[in-house]
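Remember, predicted model here, so these are calculated numbers, not experimental data. Note on naming: letters A, B, ... go to the chains in the order of the sequence lines (proteins, then strands), and numbering restarts at 1 for each one.
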There are 2 protein chains.
Amino acid sequence: MKNWENLVNEQMSEAIAALQRYSQQPSISAQGKGILETVEILKEFIQEAQGEWKVLDDCGGNPVIYAVFEPSANGNPNKSILFYNHYDVQPPEPLEEWLYPPFGAEIHDGKMYARGVSDNKGDLIVRLQAISILQKNGGLPCRVKFMIEGEEEIGSPTLSQVLEKHADLFKADATIWEWSQKNKADQIEMIMGVKGMCYMQLECEGSDIDVHSQYGSVFDNPAWRLIQALATMRSVDNRITVEGFYDNIIPPTEELLAWSKAYPFDAKGAKEIFGLKRPLIAEESNARDAFLFEPTMTVCGIESGYNGQGTKTVLPKRAQVKLDCRLVPGQTPEDIANKISRHLEIHGFGDIQAHMLNGLLPFRSDVNHPFVRTAIKTAEKVYGENNIALLPNFGGSGPMSQFGEFLGMEQPIVSIGCSWWDDRIHAPNESIRLADFEQAIRYMIELFVTYGKEESN
Amino acid sequence: MKNWENLVNEQMSEAIAALQRYSQQPSISAQGKGILETVEILKEFIQEAQGEWKVLDDCGGNPVIYAVFEPSANGNPNKSILFYNHYDVQPPEPLEEWLYPPFGAEIHDGKMYARGVSDNKGDLIVRLQAISILQKNGGLPCRVKFMIEGEEEIGSPTLSQVLEKHADLFKADATIWEWSQKNKADQIEMIMGVKGMCYMQLECEGSDIDVHSQYGSVFDNPAWRLIQALATMRSVDNRITVEGFYDNIIPPTEELLAWSKAYPFDAKGAKEIFGLKRPLIAEESNARDAFLFEPTMTVCGIESGYNGQGTKTVLPKRAQVKLDCRLVPGQTPEDIANKISRHLEIHGFGDIQAHMLNGLLPFRSDVNHPFVRTAIKTAEKVYGENNIALLPNFGGSGPMSQFGEFLGMEQPIVSIGCSWWDDRIHAPNESIRLADFEQAIRYMIELFVTYGKEESN
């Protein structure tokens with residue numbers, strides 16, 4: 001049996017050099033900087049690890065890279081894993097707050113500092129280096145695919161089209177998602193899903209032009225009307241009262257509820273960080289479960305009439321509200337959008353127009369899927385049995401939804417990576433700890449080897 | 001007995017010359033144009049009519065002119081009338097839409113065209129010319145005072161201070177307000193009051209910074225909170241449900257209700273002009289009374305969070321609403337503001353801050369006051385018995401409130417003037433009909449003479 005720990009250790013200087021090279025190349029989707037140069041580097045990396053690639057640029061947007069690494073003669077060609085990563089990074093600004101150059105990839109005190117090194121360049125190098133080590137030591141035990149997109153930091157606007165058009169390329173038995181972190185208790189997080197989203201805009205029109213407010217006792221007011229309509233949709237005690245909103249929800253199993261205890265939801269900390277003025281709307285003891293398992297209906301914005309300094313005596317011509325509903329398994333954006341429209345109709349607000357601006361399915365992996373079990377077992381081996389935090393889903397939403405939609409809801413997705421809770425992603429002085437980087441390579445090798453050996457599922 | 005009709009007619013070329021000179025002088029408060037030049041012209045006019053003046057500039061803002069004309073030896077020094085006028089005008093823009101120069105005061109087809117000629121320069125000249133004619137024909141039958149302010153078109157920001165500080169100068173038995181018009185039925189309007197105003201801003205704070213909307217099931221949302229609070233303040237059928245809001249209202253008398261029928265409130269026309277999308281909230285048959293006699297609570301503006309294009313997943317840190325309550329006799333702004341604050345408290349929204357941004361008392365003259373009766377009787381004589389439209393109050397608010405507040409709520413105010421419904425005030429091609437101008441001078445002379453002869457009231 002091979003000593004993977006030693007083999008990884010021997011590879012480290014090469015792995016760090018690759019990470020440095022990749023992190024020194026800006027690839028800022030929001031600013032359109034360095035995209036094509038980054039694609040060239042990735043092609044080289046894939047070739048060096050004996051993979052093949054396609055640059056998919058037929059859906060507009062920044063190119064998506066598809067890569068595939070074939071199993072060795074001893075490997076199992078009927079098993080496949082897909083990795084999702086993104087090569088784009090957040091802008092580095094504000095530059096003056098960086099201790100080291102944001103594209104310098106300097107190493108200080110065991111950490112590499114660079115914009116994107118934790119989100120998400122480190123994880124791609126982890127995965128490619130694991131493959132390289134395996135290639136040098138008998139080859140891959142199964143087929144490995146990659147989707148590496150370049151627009152994650154700007155909301156993955158073309159991802160759906162790419163997945164829909166090239167679903168056959170990307171289909172695999174299981175997906176490893178881009179990223180995860182060690183939490184404050186030094187547990188590695190493994191995340192299995194996301195909430196969905198039904199983001200609605202509701203609009204109420206009163207007149208063609210703004211009216212003098214002296215007519216307030218005679219003309220209807222679209223702002224009042226929208227307020228009255230909204231007040232029927234969520235109660236004073238914050239229960240969503242749209243008819244049927246909670247129908248169809250698949251409640252979390254006891255197992256999921258038990259797992260969720262690992263989620264580091266720190267209500268007291270959040271109160272301080274955000275400067276909350278009001279008590280939580282969930283029981284403090286239940287805040288974590290509310291965060292993970294309950295759907296939401298958030299007013300993200302409401303606007304009507306005059307909102308500047310002082311007074312303006314106007315009866316506004318229109319009013320609008322933006323509502324973000326986060327969905328949990330069993331709910332679908334189309335169904336929720338229909339229920340909101342029907343609710344407005346039922347309650348006498350049929351003139352209020354409701355449009356869905358964004359719809360994402362919720363996604364949650366079957367935690368009893370053999371691949372998920374293997375991923376957990378392997379993590380226990382590499383990180384230690386008590387150092388795993390299993391999270392049924394993020395509180396937020398994300399492109400995991402589209403993977404479910406286009407590659408199959410039955411295919412499990414597990415997010416696990418090489419980050420640390422204080423890596424400062426999206427902020428100045430982003431970094432990764434090189435020890436986490438090395439450990440993550442070891443984990444990936446163990447996962448490949450263990451998964452390849454198991455009976456096909 | 002003098003033939004006033006002939007005397008007025010003989011004065012007309014002089015009166016028109018004065019109106020032309022005054023209208024050719026720009027006096028645009030919003031742009032600070034021609035203010036001091038206008039004050040100089042007014043001093044001359046007052047002197048020519050044998051009056052005395054003071055320029056009040058001790059409260060900041062554009063100067064206010066106080067003028068007084070003493071009664072003749074045969075007149076009654078114990079009777080006095082105050083006129084309210086303003087010398088400032090709206091900006092003339094858009095210039096390209098004027099048929100004649102906006103400060104040319106050209107006469108075409110019996111009309112004089114100029115910015116401000118109808119609002120409100122014509123009326124000042126009417127009143128000064130009436131005084132001049134009386135001075136040449138035996139003198140004034142009573143004392144006549146003027147307040148001529150220079151900031152009406154920008155909301156009279158310093159009027160209250162001037163009235164408070166110089167109340168003794170301006171006190172009189174009755175006030176004639178700046179202006180009125182002949183309506184489409186060719187009736188001269190006589191308006192006796194205004195609604196008051198309690199303009200509130202309500203603010204709800206949720207956090208120090210905007211929060212990611214994934215926390216929507218855990219953190220309270222100030223936008224939802226404000227919506228829920230507002231929904232308790234006005235019912236779906238548009239009744240104001242703030243506790244005690246309608247208490248203290250002095251209902252209009254049968255006489256006022258009968259008079260109000262003259263008010264040209266054209267619900268069908270309004271629907272077209274404003275392009276209303278919704279049915280009226282008052283019965284169509286009752287729209288006029290609702291407009292004149294009911295208080296309002298109008299959302300003039302509401303704002304929270306993100307309201308631009310597309311989606312932003314934010315849980316806003318704060319929300320605010322601007323509420324314009326128009327008040328009717330019996331209501332006061334302070335009392336209504338207190339009731340709104342108390343309502344929020346009672347309904348569990350004590351954290352929502354409510355501030356009054358503007359407070360104006362309602363004002364309605366006692367229509368049985370002898371001066372009001374005289375003003376009506378005189379109008380019937382000059383305009384014809386069926387050509388009078390008596391309006392208990394405007395639907396809107398205005399500085400008449402401050403006159404009530406500082407000079408006495410018992411002192412009647414009647415607004416009557418020389419305009420016509422199609423004079424296009426505030427719009428390009430503002431004009432007055434010279435026949436209306438002449439008739440208004442006649443009316444003023446009759447009013448002075450009749451009022452001076454009557455027993456003191």
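- The candidate from Ala290(A), Ser217(A), Ser397(A) with the greatest count of non-hydrogen atom pairs under 4.5 Å with chain B is Ser217(A).
- The closest donor-acceptor contact from the side chain of Asn221(A) to the backbone of Val299(B) lies under 3.5 Å.
- Note on Asn238(B), Val218(B), Thr296(B), Ile227(B): by heavy-atom pairs under 4.5 Å with chain A, the leading option is Val218(B).
- If you measure heavy-atom distances from Glu272(A) to chain B, you find no contacts under 4.5 Å at all.
- Atom CD of Glu283(A) sits in a sparse spot, with 12 or fewer heavy atoms from other residues, nucleotides or ligands closer than 6.0 Å.
- Heavy-atom pairs under 4.5 Å with chain B peak, among Ile302(A), Asp324(A), Leu357(A), at Ile302(A).
- Expressed to the nearest 0.5 Å, how far OH of Tyr215(B) lies from CG of Leu280(A) amounts to 11.5 Å.
- Atom CG of Leu230(B) is separated from atom CG of Leu226(A) by 11.0 Å, given to the nearest 0.5 angstrom.
- Summarising the geometry of Gln228(B) relative to Ala231(A), their closest heavy-atom pair is NE2-O, 3.8 Å, with the distance given to 0.1 Å.
- At a 4.5 Å heavy-atom cutoff, the contact between Met197(A) and chain B is made by side-chain atoms alone.
- In this structure, chain B has no heavy atom under 4.5 Å from any part of Ile240(A).
- Separating the CG atom in Asn307(B) from the CG atom in Asn307(A) is a distance of 8.5 Å, to the nearest 0.5 Å.
- For a residue to count as touching a neighbouring chain, one of its non-hydrogen atoms must lie under 4.5 Å from one of that chain's; by this rule Pro279(A) touches chain B with the backbone only.
- Of the residues considered (Ala287(B), Gly395(B), Ala270(B), Cys325(B)), Gly395(B) shows the highest number of contacts with chain A, using heavy-atom pairs under 4.5 Å.
- In this structure, the portions of Phe291(B) lying under 4.5 Å from any heavy atom of chain A include both its backbone and its side chain.
- Of the two parts of Phe349(B), only the side chain, counted from C-beta on, holds a non-hydrogen atom closer than 4.5 Å to a non-hydrogen atom of chain A.
- Looking at every heavy atom in both residues, Cys300(B) comes nearest to Thr313(A) through SG-CA, 4.3 Å.
- With a 4.5 angstrom heavy-atom cutoff, His212(B) touches chain A only via side-chain atoms.
- Of all the listed residues (Arg225(A), Glu294(A), Gln320(A)), the one sharing the greatest number of non-hydrogen pairs under 4.5 Å with chain B is Arg225(A).
- A donor-acceptor distance shorter than 3.5 angstrom exists from the side chain of Lys322(B) to the backbone of Gly310(A), with no hydrogens or angles considered.
- Donor-acceptor pairing under 3.5 Å is recorded for the side chains of Arg326(B) and Ser213(A).
- Your options are Gly275(B), Gly305(B), Gly396(B), and the one with the most heavy-atom pairs under 4.5 Å with chain A is Gly275(B).
- In terms of non-hydrogen atom pairs under 4.5 Å with chain B, the most contact-rich of Arg234(A), Glu205(A), Gln201(A) is Arg234(A).
- The distance from the NZ atom of Lys317(B) to the CZ atom of Phe274(A) is 13.0 Å, given to the nearest 0.5 Å.
- Of the possible donor and acceptor atoms, one in the side chain of Trp224(A) sits under 3.5 Å from a partner among the backbone N and O of Met297(B).
- With respect to chain B, the highest number of heavy-atom pairs below 4.5 Å among Ala267(A), Ala223(A), Gly301(A) belongs to Gly301(A).
- Under a cut-off of 6.0 angstrom, the local environment of CD in Glu243(A) is crowded, with over 12 non-hydrogen atoms contributed by other residues, nucleotides or ligands.
- By the 4.0 Å N-to-carboxylate-O rule, Lys277(B) lies close enough to Asp208(A) to be salt-bridged with it.
- Taking CD1 of Ile281(B) as the start and CG of Asp220(A) as the end, the distance is 6.0 Å to the nearest 0.5 Å.
- For Leu292(A), no part lies near chain B; criterion is any non-hydrogen pair under 4.5 Å.
- Relative orientation of the Phe265(B) and Phe219(A) rings is tilted, given thresholds of 30° and 60° on the angle between their planes.
- Note: Ser235(B) leads Pro222(B), Ser235(B), Pro295(B) in heavy-atom pairs under 4.5 Å with chain A.
- Annotation: the span from Glu303(A) atom CD to Ser304(B) atom OG amounts to 10.5 Å, rounded to 0.5 Å.
- Only the side chain of Asp351(A) comes within less than 4.5 Å of a heavy atom in chain B; its backbone stays farther off.
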